Number of protein chains: 2
Amino acid sequence: MEKTRDLGRTRERILGAALREFAAHGLGGARCGEIARRAGVNKRMLFYCFGSKEALYREILSRKFTERANFFEAAPDDLAAAILHWYEAGSSDLEWVRLLEWEALGAAGDKLVGEDARRDYFSRTSARLRRAQARGRIPRDLDLSQLQITMIALTVFPLAFPQMTRLATGLAPTDPRFRRKRQRFLRWPGERLSAAPATGTPSASLSKGEGTVGNRAPRRAARGAVGG
Amino acid sequence: MEKTRDLGRTRERILGAALREFAAHGLGGARCGEIARRAGVNKRMLFYCFGSKEALYREILSRKFTERANFFEAAPDDLAAAILHWYEAGSSDLEWVRLLEWEALGAAGDKLVGEDARRDYFSRTSARLRRAQARGRIPRDLDLSQLQITMIALTVFPLAFPQMTRLATGLAPTDPRFRRKRQRFLRWPGERLSAAPATGTPSASLSKGEGTVGNRAPRRAARGAVGG
DNA sequence: AATACTATTAACCGTATGGTGAATACAAGG
DNA sequence: CCTTGTATTCACCATACGGTTAATAGTATT
């Protein structure tokens, strides 16, 4: 039979509820009482287990962050296919995108959660892209760091701005029909990029895509803080 | 000499301070006391002038919304040039982007501020794009509503996720150097799109770009509310 | 200069919230 | 079965915040 007392389990329940609450309302907007209620746990346990709301938030970010990292590691070589993989990786988890977005709004310039890992990701991806460009698989006149954020933008944006997506397309970004259409659309510039006119290699490939995009720390106590 | 009592002026001062505060912290995170302090005005005046925090927020959104709309109205015909104009329109005002982002996170599905105007914008733009496509100036196999949110994504994303932008490019999205690089980058797919291989017209043009992208109403009292 | 009106201020209130002190109940070890 | 440690609960605090009541001081009008 179930143990009536199991700290590990309550921890997990809290983390689950907190993820939902923080994704929905951000650090400042999330309510400890609500997290406890959702977790079916006494509010006090949050502080017993994690010390403070902010520490709990950091824990959530850190977990989600590493979880997502693995996903990104598995990108295929072909650029067009890689874009689709990134789309999958970047848009299959609404809560993650929302956490990213809260962070983007809340960060004041203080160190991000997992900043090193992120920097790592970007520099690895960058090196890979540079190699591909040197081999002529990406047009020489294309700015690679611009290409990077562009790819993230292409995949993350619809989830990050769902109302706008719905207004433009009539579909929710989570709707399977939307996702199919988006994938079809993304294939277009992908192939175009692959057909690299600069050097003329008809089919392109990137090295394998790894890495992640991430998280960050808290802001000024229980609010939001400026972002720049 | 200056009037010591001027309701119009205090209203403006409040609006100015509120814009900054709401852009920085969102509806839930913004503090009435702080707005008053920044405006150099007694807190009571916020409620005297606007009734409630939320009403003030709506006023801010509505103003910013129509202000931006005018900007978007003036897009040139040529697609490549239009993209640059949209970039300018979409990325020249950080506060606006942040308001959009707060909205995106906060909206629970309730009606957006200026939703009708936005729908208008999207349908007008959509019609224009369809005409251009019919004339063969945009590849026939390109999904136009996907194209629309893509263009917004390309221009808005760097400001919406500044930390990511900085990690990828080493520059802040507001940095003039970044903006130049981004413009140069955006010209690339712009010209590529213009060279419409589907029907073969070498130089493309869109009709004029109008419209706007926008705002929304409040959420559950002084918090954040779910977004989907 | 008295009147009437309204912009402005000071003080205050009720509530919600993050966080805590201390009691309590369960489980394992002896 | 009793003790010991810890997971869980209950009651509570201090504070911050949106909003309001009521008094006050400019200003225009006559």
Side-chain angles (χ1 to χ4, degrees), chain A residues 1-22 24-60 102 106 217-225, chain B residues 1-22 24-60 102 106 217-225:
Chain A
M1 146 188 176
E2 291 256 331
K3 269 196 296 187
T4 46
R5 303 190 141 200
D6 183 340
L7 193 58
R9 205 190 49 174
T10 36
R11 266 184 74 100
E12 289 306 319
R13 299 186 70 169
I14 291 173
L15 285 168
L19 170 61
R20 273 175 261 148
E21 178 76 0
F22 283 128
H25 307 290
L27 170 57
R31 296 301 159 211
C32 293
E34 182 62 16
I35 294 177
R37 206 189 55 77
R38 285 215 223 189
V41 151
N42 190 288
K43 190 183 69 168
R44 184 68 232 259
M45 294 308 288
L46 306 200
F47 304 95
Y48 185 70
C49 291
F50 299 96
S52 74
K53 186 188 183 183
E54 199 177 305
L56 175 56
Y57 181 72
R58 266 200 289 264
E59 180 70 25
I60 295 289
W102 285 117
R219 50 224 73 193
R220 53 160 136 149
R223 288 191 55 184
Chain B
M1 145 189 178
E2 291 254 333
K3 270 195 294 187
T4 46
R5 303 191 140 197
D6 182 343
L7 193 57
R9 205 191 48 176
T10 36
R11 266 184 74 99
E12 290 306 319
R13 299 186 71 170
I14 291 173
L15 285 169
L19 170 61
R20 274 176 260 146
E21 178 77 0
F22 283 129
H25 307 290
L27 169 57
R31 297 300 159 213
C32 293
E34 181 63 17
I35 294 176
R37 205 189 55 77
R38 286 215 222 189
V41 151
N42 188 288
K43 190 182 69 168
R44 184 64 235 260
M45 295 307 288
L46 307 201
F47 304 95
Y48 185 70
C49 291
F50 300 96
S52 75
K53 186 188 184 185
E54 199 177 304
L56 175 57
Y57 181 72
R58 266 198 289 262
E59 180 70 25
I60 295 287
W102 285 118
R219 51 223 74 194
R220 53 161 136 149
R223 289 191 55 184

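As the structure is a computational prediction, the values presented were derived from the model and not from experiment. Below, read A as the first sequence line, B as the second, and so on, with proteins coming before strands; counting in each chain starts at 1.
- The main-chain N or O of B/Arg31 is found under 3.5 Å from a side-chain atom of B/Glu21 such that the two form a donor-acceptor pair.
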Pull out every protein N or O sitting under 3.5 Å from an N or O of nucleotides 13-15 of chain D, one pair per line with the distance.
none

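- Atom NZ in B/Lys53 sits about 9 Å away from atom P in D/dC17, given to the nearest Å.
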Original post:
What is the per-nucleotide protein-contact pattern of nucleotides 1-12 of chain C, from the 5' end, where B denotes a base atom under 4.0 Å from a protein heavy atom, S denotes such proximity for sugar-phosphate atoms only, and - denotes neither?
Top reply: -----BBBBB--
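- The side chain to side chain contact (heavy atoms under 4.5 Å, CB included) search around A/Arg20 returns A/Arg38, A/Glu95, not counting sequence neighbours.
- Every residue meeting the side-chain hydrogen bond (donor to acceptor under 3.5 Å, both in side chains) condition with A/Arg37, not counting sequence neighbours, appears here in chain and number order: A/Glu34.
- Taking atom NE2 on B/His25 and atom P on D/dA16, their separation rounds to 16 Å, with Å as the unit.
- Rounded to an integer number of Å, the gap from A/Phe47 CZ to D/dA7 C1' is 17 Å.
- Here the CZ-CZ distance, from B/Arg58 to B/Phe22, works out to 11.0 Å after rounding to the nearest 0.5 Å.
- Atom CD of A/Glu34 and atom P of C/dA16 are 14 Å apart (whole Å).
- Rounding to whole angstrom units, CD of residue A/Glu54 and C1' of C/dT17 are separated by 16 Å.
- For B/Arg44, the side-chain hydrogen bond (donor to acceptor under 3.5 Å, both in side chains) test picks out no residue, with sequence neighbours left out.
- With sequence neighbours left out, B/Arg9 forms a side-chain hydrogen bond (donor to acceptor under 3.5 Å, both in side chains) with B/Glu2.
- With sequence neighbours excluded, the residues satisfying side chain to side chain contact (heavy atoms under 4.5 Å, CB included) with B/Ala36 are B/Lys43.
- Considering all non-hydrogen atoms of both residues, B/His25 and B/Ala30 come closest at CB-N, 3.5 Å.
- Taking side-chain N and O atoms only, A/Arg31 has no distance below 4.0 Å to OP1 or OP2 of C/dA16.
- Nucleotide C/dT20 holds its C1' atom 18 Å from the CZ atom of A/Phe50, rounded to whole Å.
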